[in-house]
Amino acid sequence: MKIATFNVNGVNGRLGLLLEWLGEARPDVVCLQELKAPQEKFPAGPIERAGYGAVWHGQKSWNGVAILARDADPVETRRGLPGDPEDLHSRYIEAAVQGVLIACLYAPNGNPAPGPKFAYKLAWYERFLMHARSLLDTGAPVVLAGDYNVMPTDLDVYKPERWRDDALFRPEVREAFSRLQGQGWVDAIRTLHPGERIYTFWDYFRNAWGRDAGLRLDHLLLSPSIADRLEAAGVDRHVRGREHTSDHAPAWIELAD
């Protein structure tokens, strides 16, 4: 079972790129972030013709998450994080696919920090930690996949000293990610590639892609009940090098049956 996460940075504007990658990589499950499309504008037709059923949570101009399943229809189990009924951002969706519970998330950026956006990010993470704990308590096989907007360690950023005060790298956010792992969640890519510099994001500015000045923002975390099925993990870096591409590349894992 191949599960991928891809911040597509505009699903309609980069639909051709997405469909091309789906045809090449043929993932069984895909979590998409930053759809930047309202609910009614999600391109369900072209995605269905490519062989994928989908559930999605859209939002005009910003945010937006979706779960795609090859030759299957994801069974939606949750839309939005619990804990704050006034939070209307489209940042979380959850669905069952082939016996695995898939959570797709798009964490807040949080900049500038400190400030209200950073406070919202920390509060969002607290809610996410609480919900993740409840998922673990079920004992079900669960994958938490998405753009976490955090580089967990110095190994996940090209020049750590330049990012110390950024909301993606501040200690409060890294500590939240560490607490998530402390619950028992397994960072799939880092488990199989413990000492490698692996990036999933390269900014559009300052020739970041050409200089390989990247960040690892996109993560797939596995519940203990599924972690022993992990066989492979990686990043499709070449997608970032294509014309009119997202600033993220797809990250993926393969699980044994």
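Positions are given from 1 along the sequence.
Side-chain atoms of Asp218 and His248 include a donor-acceptor pair closer than 3.5 Å.
A salt bridge links Arg237 and Asp212; the closest N-O separation between the charged side-chain nitrogens and carboxylate oxygens is under 4.0 Å. Between Glu76 and Arg79, at least one side-chain N (NZ, or NE/NH1/NH2) sits under 4.0 Å from a carboxylate O, which counts as a salt bridge. Between Asp154 and Lys159, no side-chain nitrogen of the basic residue sits less than 4.0 Å from a carboxylate oxygen of the acidic one, so the salt-bridge criterion is not met. A salt bridge links Arg190 and Asp156; the closest N-O separation between the charged side-chain nitrogens and carboxylate oxygens is under 4.0 Å. A salt bridge is absent between Glu34 and Arg91: the closest approach of a Lys/Arg side-chain nitrogen to an acidic carboxylate oxygen does not fall below 4.0 angstrom.
At least one side-chain heavy atom of Thr77 sits less than 4.5 Å from a side-chain heavy atom of Leu101. No side-chain heavy atom of Glu231 sits under 4.5 Å from any side-chain heavy atom of Leu255. For the pair Asp236/Trp21, a side-chain contact is recorded, criterion being any heavy-atom separation below 4.5 Å from C-beta on. Pro82 is listed as a side-chain neighbour of His131, based on a closest heavy-atom distance under 4.5 Å. Residues Arg179 and Glu126 are in side-chain contact: their nearest non-hydrogen atoms beyond the backbone lie under 4.5 Å apart. Under the 4.5 Å side-chain criterion, counting only non-hydrogen atoms from C-beta, Tyr52 is in contact with Leu22. Side-chain contact check for Arg14 versus Thr245: every heavy-atom pair is 4.5 Å or farther apart. Annotation: side chain of Leu105 is in contact with side chain of Phe128 (closest heavy-atom distance under 4.5 Å).
Looking at Lys121, its side chain does come within 3.5 Å of a backbone N or O of Asn109 through a donor-acceptor pair. Looking at His193, its side chain does come within 3.5 Å of a backbone N or O of Ala233 through a donor-acceptor pair. Between the Gln183 side chain and the Leu129 main chain, a donor and an acceptor come within less than 3.5 Å of each other.
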Hey, can you pull the donor-acceptor pairs under 3.5 Å for the side chains in residues 137-145, sequence neighbours left out?
from, atom 1, to, atom 2, distance (Å)
Asp137, OD1, Arg133, NE, 3.3
Asp137, OD1, Arg133, NH2, 3.3
Thr138, OG1, Leu135, O, 2.6
Thr138, OG1, Ala140, N, 3.2

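Cluster annotation: Leu136 is connected to Tyr148 through the hydrophobic network of ILVMFWY side chains, with a link wherever side-chain heavy atoms come within less than 4.5 Å. Hydrophobic clustering places Ile226 together with Leu220 (ILVMFWY residues linked when any side-chain heavy atoms are closer than 4.5 Å, directly or through intermediates). No chain of hydrophobic side-chain contacts below 4.5 Å, direct or via other Ile, Leu, Val, Met, Phe, Trp or Tyr residues, connects Trp252 to Leu192. At a threshold of 4.5 Å between side-chain heavy atoms, the hydrophobic network of Ile, Leu, Val, Met, Phe, Trp and Tyr places Val65 and Val29 in one connected group. Under the 4.5 Å side-chain heavy-atom criterion for grouping Ile, Leu, Val, Met, Phe, Trp and Tyr, Val97 is not connected to Val75 through any hydrophobic cluster.
Contact detail for Pro46 and Leu19: the closest heavy-atom pair is O-CD2, 4.0 Å. For the pair His219 and Val150, the tightest heavy-atom approach, listed with the atom from each and the gap, is NE2-O, 3.0 Å. Heavy-atom minimum distance, Pro74 versus Val55: O-CG1, 3.6 Å. The nearest pair of heavy atoms linking Arg240 to Asp203 is NH2-O, 3.1 Å. Taking each heavy atom of Ile102 and Cys31 in turn, the nearest pair found is CG2-SG, 3.4 Å. Across all their heavy atoms, Ala249 and Val235 have their closest contact at CB-CG1, 3.8 Å.
Between atom CG of residue Leu32 and atom CG of residue Asn7 there is a gap of 9.0 Å, rounded to the nearest 0.5 Å. For the atom pair Asp28 CG and Arg70 CZ, the distance stands at 4.5 Å (nearest 0.5 Å). Here the CG-CZ distance, from Leu18 to Phe6, works out to 6.5 Å after rounding to the nearest 0.5 Å. Atom CG in Asn9 sits 4.5 Å away from atom OG in Ser246 (nearest 0.5 Å). Annotation: the span from Arg127 atom CZ to Leu122 atom CG amounts to 12.5 Å, rounded to 0.5 Å. The line from SG of Cys104 to CG of Asp147 is 9.5 Å long, rounded to the nearest 0.5 Å.
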- request: I would like to know whether Leu17 and Val239 meet side-chain contact (heavy atoms from CB on, under 4.5 Å); could you show each step before the answer?
  value: CA-CA 8 Å; Leu17 174 82; Val239 176; 4.1 Å; yes
Test side-chain contact (heavy atoms from CB on, under 4.5 Å) applied to Ile253 and Met1, step by step: CA-CA 8 Å; Ile253 60 172; Met1 187 177 189; over 6 Å; no
message: What verdict does the side-chain contact (heavy atoms from CB on, under 4.5 Å) test give for Trp56 and Gln39, after you've listed the backbone C-alpha separation in whole Å, the side-chain angles of each residue and the deciding distance to 0.1 Å?
response: CA-CA 7 Å; Trp56 63 95; Gln39 190 73 6; 3.3 Å; yes
task: Start with the C-alpha gap between Gln181 and Asp187, add the side-chain angles, then the distance that decides, and say whether side-chain contact (heavy atoms from CB on, under 4.5 Å) holds.
output: CA-CA 7 Å; Gln181 291 180 285; Asp187 181 344; 3.6 Å; yes
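Membership of the apolar cluster around Leu168 extends to Met151, Val157, Tyr158, Trp163, Phe169, Tyr199, Phe201, Trp202, Trp209, Leu215, Leu217, as traced through chained side-chain contacts below 4.5 Å between ILVMFWY residues.
His89 has its ring centre no less than 6.0 Å from the ring centre of Tyr106.
Within 6.0 Å of the CZ atom in Arg197, the count of heavy atoms belonging to other residues, nucleotides or ligands exceeds 12.
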